[in-house]
Each structure stands twice: as C-alpha cells, then as structure tokens.
Amino acid sequence: MSLSRNLFAGLANSIWSALIALAVVPLYIKYLGIESYGLIGFFVTTQALLQFLDMGLAPTINREVARCSASGSLKEAGSLLHTLALVYWCMAVVIALLIAGLAHLIAGHWLQPKHLSRQTVEHAVMLMGLVVACRWPVGLYQGALIGAQRLTVSSGISILMTTIGSLGAIAVLAFVSPTIQAFFVWQACVGLAYALSIRWAAWRIIERTETIKFDIDRLKRVWRFSAGMGGIGLAALVFTQLDKVILSKMLELEEFAHYMLATVVVSALYVLITPIFNVVYPRFSALVVKEDVEQLTKLYRLGTRLLATVLFPIAMLLAVFAGDFVRIWTGNPALAADVAPIISLLAIGSALHGVTYLPYALQLAYGMTRLPLTIITILMAIFVPLVVYFALTYGALGGAIAWLILHVVYVCLTSWLTHRQLLKGVGGKWLFQDIGVPLILSLLAGLIGHYVIQPSAIPTYVKVAGTGLLAAAAIALSLSASRPLRDALRSAFGRNHGVTA
C-alpha cells in the first residue's frame, strides 16, 4: 500500500469525523441543553482516561503486524491478535461493571449539575460505561489494520460508523426522546456494531485459520514492549486529561461544558496529526527491521516538515479567529466570548503537541518504550503543579495556559532526548529547520492577522479570508524553503505515486 493512499484515507477519515463532530454540537446543545452536553464532555474524558486499561496492547499489535507484514509473514500475527482479542473482550465487561458500580459516587460527589437531577446524572454515567465497553475492542482491531497498512479499510469503517453514530443520535433526539439517556443508548448500539464490523475486517486481511488459538507464549514474548507502552499510555493519559479531571471537579457542569466545547474545536487539528502518525509509524517499524537508516531519516524529516508546514498556519488561523468562529458556529455571542480565549491557547499548545508525534513514532519503531516514558515522567513533574496552580487561579482558562506551557517544554525536551540516541546529527535540523521555519512564518502571519485584520471594521468573512490568505502564504513560503518536501509532494500528487510500503 502506498504512503500517499494511506495518508489520503486517514485524512479523509479525520476531516469527515471533525466536520461531523463540529456540525452536531449545536444540535446536541439545542435538544439536550448545555448541562447535558457537559455530561457528554465528561464521557469523552472518561473514555480517554480508561485507555490506560489497554495496557499497551493496541500499539503492540500495530507494531507486531507491521513487522510481520514487512517480513512477508502477516499470518503469523493472527495468533497474537486472537490472544489479545480475548483479553480485550473480557476487559470490556469489566469496564461496564466498574463504571456502573461507581455511577452513584460520581453523580453524587464529583459532578456538579444545577438543573439535572442526581438520578438522571447517575443513569447517564452508567450508560457511559456501556458505551465505552461496546467500543472497547475497536482499538485493538484498528491497530491491526493500521499495522498492516490498511488505513483505507480502517478509515472507511470509521467514517461510516461516525456518521451513523452522530447523525443517528440527532434523529433519536429529534424524533424519539430528547434525553441524555437516549443519546447514550444509541451510542452503545453503534459502538457494538463498530466493534463487530472492524473485527470482521481485521480477520479478513490477516486471514484467520482453524489452527489459531489462545497462545500465552506469544503474549509473553511481547509483554515487555506492551508493559512499556502501557506505562507510557498511563502517564500520557494523566498529563493530557488532568486539566479536564480537575476542572470537572472544580467547575459547575455548565462552565466545564465551555472548556470541553473548546477542546472539540481544537481537536480539529488532529485531523492532520493522527493520519500522519498512523501512516509513518508502521513504515518506520518496517524500515527499522530492514535497517534502512537513510530512508528512515528522510521519511522522518519529510513527515515532520509536512506536518509543521500545514499544522502551524491552521492553528494560527484558529487562534486568531476563535471568537468569530464560535459565534458563527453556535449563534451565541456570549458563549463565543467565554470559549474563544480557551480555544486560542489550546490551539497553539496542540499544534506544538502535534509535531512531537513523529519523534514518538520513531521511538516506538525502535522498541524504545523507556525513552518516551522518561520524557512523559519529566513532563508530569512539570505539568501537575502547573495545571493545579493555573486552574485554581484562572479556572477553565488556567487549564489552557498550562497546556500551552507544557508543550513548549515538550518540543524542546523530546528533541534533545530523542536525537541523542536515535538518528544522531538530525536534532538541530529537525528543531530549527523542520519545525522552526514553519513556526516562525506562522507566528508572523498570526501577528499580522491579529493586529491588522482582526481589529478592522470589516465583515467577519473578509477577515477570515484575509487571514486564510496569510496562512496560505505561510505554507507556500515554508514549502519554498524545503526542496525535499516539494519534490516529495510533486511525486505524490503530480505523478500519482509515492513511497511504497
């Protein structure tokens, strides 16, 4: 499968998912109210936090399938997939029971609703557990498909299920029952359908045979990498979700909903980040197996430069026009005023977070779980006091301030520690050329947009168009400064072929 085809499939999935997510939020608020939307935000945070129970198994199957694919023995991954699948389905049941048991405490002592009854919140939390359980096995089978470099299949199923889940929920709320309980029941049904369909797709590609059975020996062979990934995942979840956990306790449900609304907007940036990671990670793993350091270095730098070239200008555009966007999106000027500053800070921090995905993929491709765990541990020591102080001082905005500071440190730290051990001699070029040039150009465009275009007494659409042109100019200038990236894009788009796996 070509990298360009996989990248296009991943981008299509991410773009469509982001558009659907943005489109349905105003309708969710309309039918459910802002407090119930806060419960949806709490569900998203809960689902993310429970990923630590994955114990690193999804990235493990990704890496192992990629390695088997590179050596031409894809069927050998079938036994491991079957073994991990049994663990996953059992864990799904545990999750449903765990959340059901904690629902009473969460509704009574954690969340702070004003208008929703305690019973309504408790029932909603119990249904959240059912939704998470139904969707739980998706990550494993998705990891297998990505490792086999079948992002077209994975993305197609994801697009279909996202559409059914979101638009179907609107239909249920509009024509059946405008309640948060009905919303979560529908999501549970769609989640189960998603898990079963992607399971079928994964086994169709890996070709399940009658001889496949639960193999504890295969599990033992990958446990060290899986345990390392589990530790990384746990630490990463804590420092990426800590702001949300603290704010869900400190703030009233309505104000917490504002913060989660901002995260929904900023999550659109991951439209670019996630597909590129999903494409390069299995490719990095294959090149490591082949010991092709030259091609690995080339792909690593090109991937970083491409991501930074597109990501930074878009984040700048979002940061400058956050208020106008939310006002147009929701039709609520007061809500836009509350949410805009949070979006601006989260957008810049998330863009910086995005470029760290490539060093992380490189670390995993080499099987170096200790390195990312060390980085995350250091970041945790910095982030915990940051988020506590700023959240206590500035509330929802404080979480965004801490997020931005964290990722300024993250970029510098991951560059230093990664390139001391891997691809030596690349660190300075990666930081100052591949990231620094697009970042500086985007900041200059953002300053012009903020001080020249934004204050002007002109229609909003003209402001957005003007800043869009500035973003396009930043992208064009960044491309002009990187001949290897221009050549790679010309090859992928102009001649309709790319680097093949």
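What you see below is based on every heavy atom in this structure, not just the backbone, and it leaves out hydrogens, waters and symmetry mates. Position 1 is the first residue of the sequence; numbering continues from there.
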Near-ring test F325/F321, centroid separation under 6.0 angstrom: no

Show me the donor-acceptor pairs within less than 3.5 Å that the side chains of residues 441-449 make with the rest of the protein, sequence neighbours left out.
from : atom 1 : to   : atom 2 : distance (Å)
S442 : OG     : P438 : O      : 2.8

Got a sec, which residues hit ring pair (Phe, Tyr, Trp, His ring centres under 6.0 Å) with F43, two or more places apart in sequence or on another chain? F184

Please enumerate all residues that pass side chain to side chain donor-acceptor pair (under 3.5 Å) together with [X], with sequence neighbours excluded.
X: T263; result: none
X: T163; result: W16
X: T356; result: none
X: W416; result: none

Name all residues meeting the side chain to side chain contact (heavy atoms under 4.5 Å, CB included) criterion together with [X]; count only those two or more places apart in sequence or in a different chain, and write none if there are none.
X: V25; answer: I29, Y37, L261, V264, W329
X: I314; answer: L269, L272, V310
X: P359; answer: Y300, Q363, T414, T418, W430
X: I343; answer: A262, V265, V266, L318, A322, V326, V339

How would you list all residue pairs meeting salt bridge (charged side-chain N to carboxylate O under 4.0 Å, His left out) that involve residues 299-314, not counting sequence neighbours? R301-D434, R305-D434

Parallel under 30°, tilted from 30 to 60°, perpendicular over 60°: which one fits the rings of W89 and Y141? tilted

